[in-house]
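The figures here come from the full heavy-atom set of this structure, side chains too, leaving out hydrogens, waters and symmetry mates. The sequence lines fix the lettering, A, B, ..., with proteins before strands; numbering per chain opens at 1.
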2 protein chains.
Amino acid sequence: MAKKQIPKPTDSELEILQILWRNGPSTVKVVNEILNEKKDVGYTTTLKFMQIMNEKGLVQRNEDERSHIYSASINQNDTQKVLLDKLLETAFSGSAANLVMQALGNSNTSKDDLKKIRDYLNKIERGE
Amino acid sequence: MAKKQIPKPTDSELEILQILWRNGPSTVKVVNEILNEKKDVGYTTTLKFMQIMNEKGLVQRNEDERSHIYSASINQNDTQKVLLDKLLETAFSGSAANLVMQALGNSNTSKDDLKKIRDYLNKIERGE
DNA sequence: AGCACTATACGAAAAGTTTCGTAGTTAATA
DNA sequence: TATTAACTACGAAACTTTTCGTATAGTGCT
């Protein structure tokens with residue numbers, strides 16, 4: 001079955017998707033407010049981004065109300081997969097093991113997370 | 001000691017860096033030939049990229065010979081770190097565990113690699 | 001010296017991303 | 001019913017990235 005072609009979002013687009021994934025369907029106003037917690041960005045800038053993302057099919061919007069409500073139309077997992085695969089290819093020469101070890105080394109992962117990963121490894125080795 | 005500021009290379013730049021990391025110092029000709037194994041790209045396009053990368057400080061070149069010899073001036077590990085951290089933030093909300101599990105799930109990692117990862121986990125849990 | 005070959009330098013077009021200003025529309029309200 | 005406030009639409013500037021064409025210059029032959 002042909003998997004829908006997921007376009008690679010730009011960094012700015014990803015910031016917005018991130019918010020939509022976390023918050024669920026949101027207005028431009030809300031998204032812009034959240035963005036502004038981290039950096040200065042004008043309302044119309046955010047609006048424009050979201051309009052473009054709509055054209056690209058990255059988000060959908062409900063226009064019933066005067067304030068349109070936007071929601072992500074690609075899911076977080078699929079997007080993560082696309083970006084991860086890309087990074088794996090372009091920066092890690094396809095070696096997932098290297099990538100994983102870098103990721104673990106760079107971040108201080110909690111004991112709990114380490115256990116989760118270990119369990120996951122077990123599951124894989126038992127053949128899912 | 002102040003860590004040198006590593007700029008985030010573009011996708012195309014990364015492809016070239018990749019080649020330089022693998023092959024060591026190389027001429028534009030060689031890099032272009034390798035690129036062309038995967039996709040069509042003109043010689044002067046590759047040349048231009050490498051000239052720009054030189055200006056940006058991503059590569060260095062030795063001009064002693066008529067064919068300049070380029071080498072990566074940022075190392076693979078540092079670059080991987082920068083890109084991975086970025087991805088972790090923008091797509092995985094900072095959760096390394098999620099990233100790792102996605103990476104393991106998506107790629108078919110070899111038994112050998114899985115063992116390497118497991119050993120690495122052990123090392124971390126024992127406190128490096 | 002003249003020619004063909006191989007390289008680099010430079011400029012610029014084309015496309016994509018980011019950022020806003022301005023204009024116009026709808027809804028509430030004084 | 002004017003005014004004001006909250007939104008959307010649109011266009012365009014400023015940058016960055018990607019892609020080449022053309023001009024130039026050094027090398028080695030004939």
Revision key, fill the gap. Whole-Å distance, B:Lys48 NZ to D:dT22 P, equals 16 Å
Check your understanding: Would a distance-only check, ignoring hydrogens and angles, find a side-chain to backbone donor-acceptor pair under 3.5 Å from A:Thr90 to A:Leu88?
Key -> no
Check your understanding: Can you name the closest pair of heavy atoms from A:Ala97 and B:Ile117 and give their distance?
Key -> CA-CD1, 4.1 Å
Sub-3.5 Å pairs of nitrogen or oxygen atoms, protein against nucleotides 13-16 of chain D:
none

Practice item. Please check if the side chain of A:Thr45 supplies one atom and the backbone of A:Val41 the other of a donor-acceptor pair under 3.5 Å. Key: no
Point to revise | Sugar-phosphate only, base, or nothing, as touched by A:Glu13 at under 4.0 Å among non-hydrogen atoms | key: nothing
Which pairs, protein N/O on one side and nucleotides 23-29 of chain D N/O on the other, fall under 3.5 Å?
unit_1 : atom_1 : unit_2  : atom_2 : d
D:dG26 : N2     : B:Arg66 : NH2    : 3.3

**Study point:** Same apolar cluster (I L V M F W Y, side chains within < 4.5 Å links), B:Leu20/B:Ile69
**Key:** no
**Study point:** Single-linkage hydrophobic cluster B:Val28~B:Ile52, side-chain heavy atoms < 4.5 angstrom
**Key:** no
Point to revise | A:Asn32 and its side chain to side chain donor-acceptor pair (under 3.5 Å) partner, picked from A:Thr27, A:Thr46, A:Thr44 | key: A:Thr46
Review point. Counting heavy atoms not belonging to B:Glu63, are there more than 12 under 6.0 Å from its CD?
Key: yes
Review point. Can you pull the salt bridge (Lys or Arg N to Asp or Glu O under 4.0 Å) pairs that have at least one residue in residues 34-43 of chain A, sequence neighbours excluded?
Key: A:Glu15-A:Lys39
Exercise for review: Go through the structure and list residues passing salt bridge (charged side-chain N to carboxylate O under 4.0 Å, His left out) with B:Lys111, not counting sequence neighbours.
Suggested key: none
Review point. So, B:Asp113 and B:Arg118, do they make that salt bridge, N to O below 4.0 Å?
Key: no
Review point. Does a side-chain N or O from A:Tyr43 land closer than 4.0 Å to OP1 or OP2 of D:dT8, or not?
Key: yes
Review point. NA contact type, A:Lys29, heavy-atom cut-off 4.0 Å: base, sugar-phosphate, or nothing?
Key: sugar-phosphate
**Study point:** Under 3.5 Å: donor-acceptor pair, side chain of A:Ser73, backbone of A:Ser71
**Key:** no
Review point. In whole angstroms, how far is the P atom of D:dA9 from the CE atom of A:Met50?
Key: 12 Å
Revision key, fill the gap. Outer limits of DNA chain C sitting under 4.0 Å from a non-hydrogen atom of chain A, read 5' to 3', are C:dT17 to C:dA27
Review point. Does the pair B:Gln80 and A:Phe92 meet the rule for a side-chain contact (heavy atoms from CB on, under 4.5 Å), with working shown?
Key: CA-CA 7 Å; B:Gln80 287 173 341; A:Phe92 290 84; 3.3 Å; yes
Revision key, fill the gap. Of A:Thr44 and A:Asp11, the one whose nearest nucleotide on DNA chain C sits closer to the 5' end is A:Asp11
**Study point:** Comparing B:Val41 and A:Leu47 on DNA chain D - which has the more 5′ nearest nucleotide
**Key:** A:Leu47
Review point. Between B:Glu125 and B:Lys123, is the closest basic N to carboxylate O distance under 4.0 Å?
Key: no
Check your understanding: Looking at five pairs on each end of the helix from C:dA1-D:dT30 to C:dA30-D:dT1, what is the angle between the two axes, given to 10 degrees?
Key -> 30°
Exercise for review: Please report the shortest heavy-atom distance between B:Tyr120 and A:Gly105, naming the atom on each side.
Suggested key: OH-CA, 3.4 Å
Practice item. Assign B:Ser67 to base, sugar-phosphate, or nothing according to its heavy-atom contacts below 4.0 angstrom with the strands shown. Key: sugar-phosphate
Review point. Roughly how many Å is it from CD in B:Gln51 to C1' in D:dT17, rounded to a whole number?
Key: 15 Å
